**Student:** 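I have a structure I would like to understand better, so I am pasting it below and will then ask my questions one at a time.
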Amino acid sequence: MTSEKRVVVIGGGLAGLRLADRLGPAAAVTVLGEESHVPYNRVLLAEVLAGRYAPEVTALPAPGPALRRGVRAVRVDRAERAVHCDDGTVAGYDTLVLATGSNAVLPPLRGLFEPGGRELPDGVHAFRTMDDCLALSAAVRPGVRAVVIGGGLLGVSAARALAARGAVVVLAQQGERLMERQLDADSSALLATHLTGLGVEIHTECRVRGLTTTAPAPPAFGARGSGGGAPGNGAAPGQRRVTGVELADGYRLDADVVVLACGVRPRTGLAQAAGLEVRKGIVVDDELRTSDPRIHAIGDCAEHAGQVYGLAGAALEQADALAAVLTGGSAPYTGTRALTRLTLGGTGDGSLDLAAFGETTPLPGDDVVRLTDGTRRTYRKVVLRGDRLVGGVLLGELSTVGALARTWEGGEAPHDLFHLLTDDGGH
């Protein structure tokens with residue numbers, strides 16, 4: 001690839017910016033970023049919501065003039081090799097990279113939308129973008145009643161952040177336990193105990209049926225349109241406001257704020273409209289190519305070998321792999337072995353670190369080794385299949401996680417498993 005080659009990247013998140021950085025002067029790169037904010041690390045949004053970080057702390061390295069902020073790609077013309085944007089501009093490409101990410105899933109709740117409408121009630125927030133984070137942060141103050149719908153990684157992060165801000169938090173999880181994709185039953189129970197200690201009320205096996213809202217507020221007397229004064233319930237004129245969450249068993253939770261943390265869905269609309277192969281995500285091969293060899297996809301929107309990762313680590317690995325492909329490298333992308341890490345804050349020494357990787361639930365015939373220290377609040381479990389480490393989960397002290405993860409990633413047989421599981425295992 002030469003610097004005359006035009007590479008257009010749609011998406012200014014972790015994956016798109018990492019690729020632009022790795023390509024450097026090897027190509028003429030244009031990054032189309034839909035958000036107007038300075039690029040930021042989405043992983044840190046919970047820390048912003050908790051008040052631990054200012055928004056600017058999340059900023060990613062500036063990509064320079066390659067990035068066009070606040071520009072949305074609306075159509076890909078494969079015949080012309082051009083991307084048409086919402087501001088009327090057209091970006092021609094030799095290679096196109098879709099790094100369009102994912103959208104928050106909005107569940108089919110009764111009362112979420114009015115018939116024919118797509119506007120969320122006042123007080124209801126997704127938690128995916130910096131705008132989501134800032135709007136939610138502005139709505140939270142001590143004593144606010146907040147309901148988080150979803151007990152996965154995102155929901156747990158949002159619940160503890162809201163609790164840190166003094167909100168009265170209820171977390172409603174449809175599944176049997178928190179973070180069921182990453183944690184086993186024992187570690188999930190420890191996580192629930194920790195969140196309860198932070199003041200979060202947890203309901204598992206709890207299906208949310210709908211929202212209750214106020215009627216749309218009329219404009220203030222004498223006002224015209226949206227310029228009128230705010231009504232007494234705090235909602236903008238003409239906008240509903242959430243008042244509660246209805247559960248399937250008929251129970252109702254009062255709510256001033258509702259956070260939708262029900263997962264994410266790959267953004268594949270551009271690819272579908274362009275006629276590319278899409279299943280769960282945009283289908284790519286080991287060189288991250290789509291069904292059109294001039295178009296690649298990386299990050300949350302990409303599906304490789306049937307897997308959509310939706311994780312920062314995978315997005316960065318895919319960007320690095322594609323940069324190597326585009327600059328003449330030959331190392332194929334073979335998938336990402338994902339490690340999940342999370343720090344849940346508390347007062348004093350009351351924080352809790354957790355990490356999970358691989359298969360944390362054993363299959364018949366697998367061996368399981370656990371070490372638990374109730375005094376130090378640590379829990380460590382690894383799953384062995386034959387002589388291979390296939391997964392593990394750790395809570396509390398994480399000094400061993402690096403060594404365990406390296407053994408797992410390398411597909412190696414652990415030579416001294418007890419040493420790997422002790423506090424000195426990572427050193």
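These numbers were taken from a predicted model, which means no experiment stands behind them.
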**Student:** Tell me, yes or no, whether the heavy-atom count around Q307 atom CD, taken from other residues, nucleotides or ligands under 6.0 Å, exceeds 12.
**Tutor:** yes
**Student:** Counting only heavy atoms from other residues, nucleotides and ligands, does the tally under 6.0 Å from CZ of R78 exceed 12?
**Tutor:** yes
**Student:** Taking the inter-plane angle between the rings of W408 and F357 on a 0 to 90° scale, is it parallel (under 30°), tilted (30 to 60°) or perpendicular (over 60°)?
**Tutor:** tilted
**Student:** Tell me whether F113 at atom CZ has more than 12 heavy atoms from other residues, nucleotides or ligands lying less than 6.0 Å away.
**Tutor:** yes
**Student:** Over all heavy atoms of both residues, which pair between L354 and L395 is shortest? Give the atoms and the distance, please.
**Tutor:** CB-CG, 3.9 Å
**Student:** Please determine if D94 and K5 form a salt bridge, counting it only when a charged side-chain N lies under 4.0 Å from a carboxylate O.
**Tutor:** no
**Student:** Please determine whether a side-chain nitrogen of the Lys or Arg among R22 and D320 lies less than 4.0 Å from a carboxylate oxygen of the Asp or Glu.
**Tutor:** yes
**Student:** Closer than 4.0 angstrom, basic N to acidic O: yes or no for R160 and E47?
**Tutor:** yes
**Student:** For D186, check side-chain contact (heavy atoms from CB on, under 4.5 Å) against everything at least two apart and list the hits.
**Tutor:** D184, R370, Y379
**Student:** Using a cut-off of 6.0 Å, state whether more than 12 heavy atoms not belonging to R181 lie near its atom CZ.
**Tutor:** no
**Student:** Nearest heavy-atom pair of Y93 and A82: which atoms, and what distance?
**Tutor:** CE2-N, 3.2 Å
**Student:** Under the rule for side-chain contact (heavy atoms from CB on, under 4.5 Å), what residues qualify as partners of R385, not counting sequence neighbours?
**Tutor:** E359, L363, D366, V390
**Student:** Tell me whether R110 is salt-bridged to E246, with the criterion being a basic N under 4.0 Å from an acidic carboxylate O.
**Tutor:** yes
**Student:** Quick one: sort the H304 and Y333 rings into parallel, tilted or perpendicular, breaks at 30° and 60°.
**Tutor:** perpendicular
**Student:** Please determine whether a side-chain nitrogen of the Lys or Arg among R68 and D87 lies less than 4.0 Å from a carboxylate oxygen of the Asp or Glu.
**Tutor:** yes
**Student:** Salt bridge check, R267 against E34: does any charged N sit closer than 4.0 Å to a carboxylate O?
**Tutor:** yes
**Student:** Between the side chains of D132 and R128, is the shortest nitrogen-to-carboxylate-oxygen separation below 4.0 Å, so that they form an ion pair?
**Tutor:** no
**Student:** Would you find more than 12 non-hydrogen atoms of other residues, nucleotides or ligands less than 6.0 Å from R265 atom CZ?
**Tutor:** no
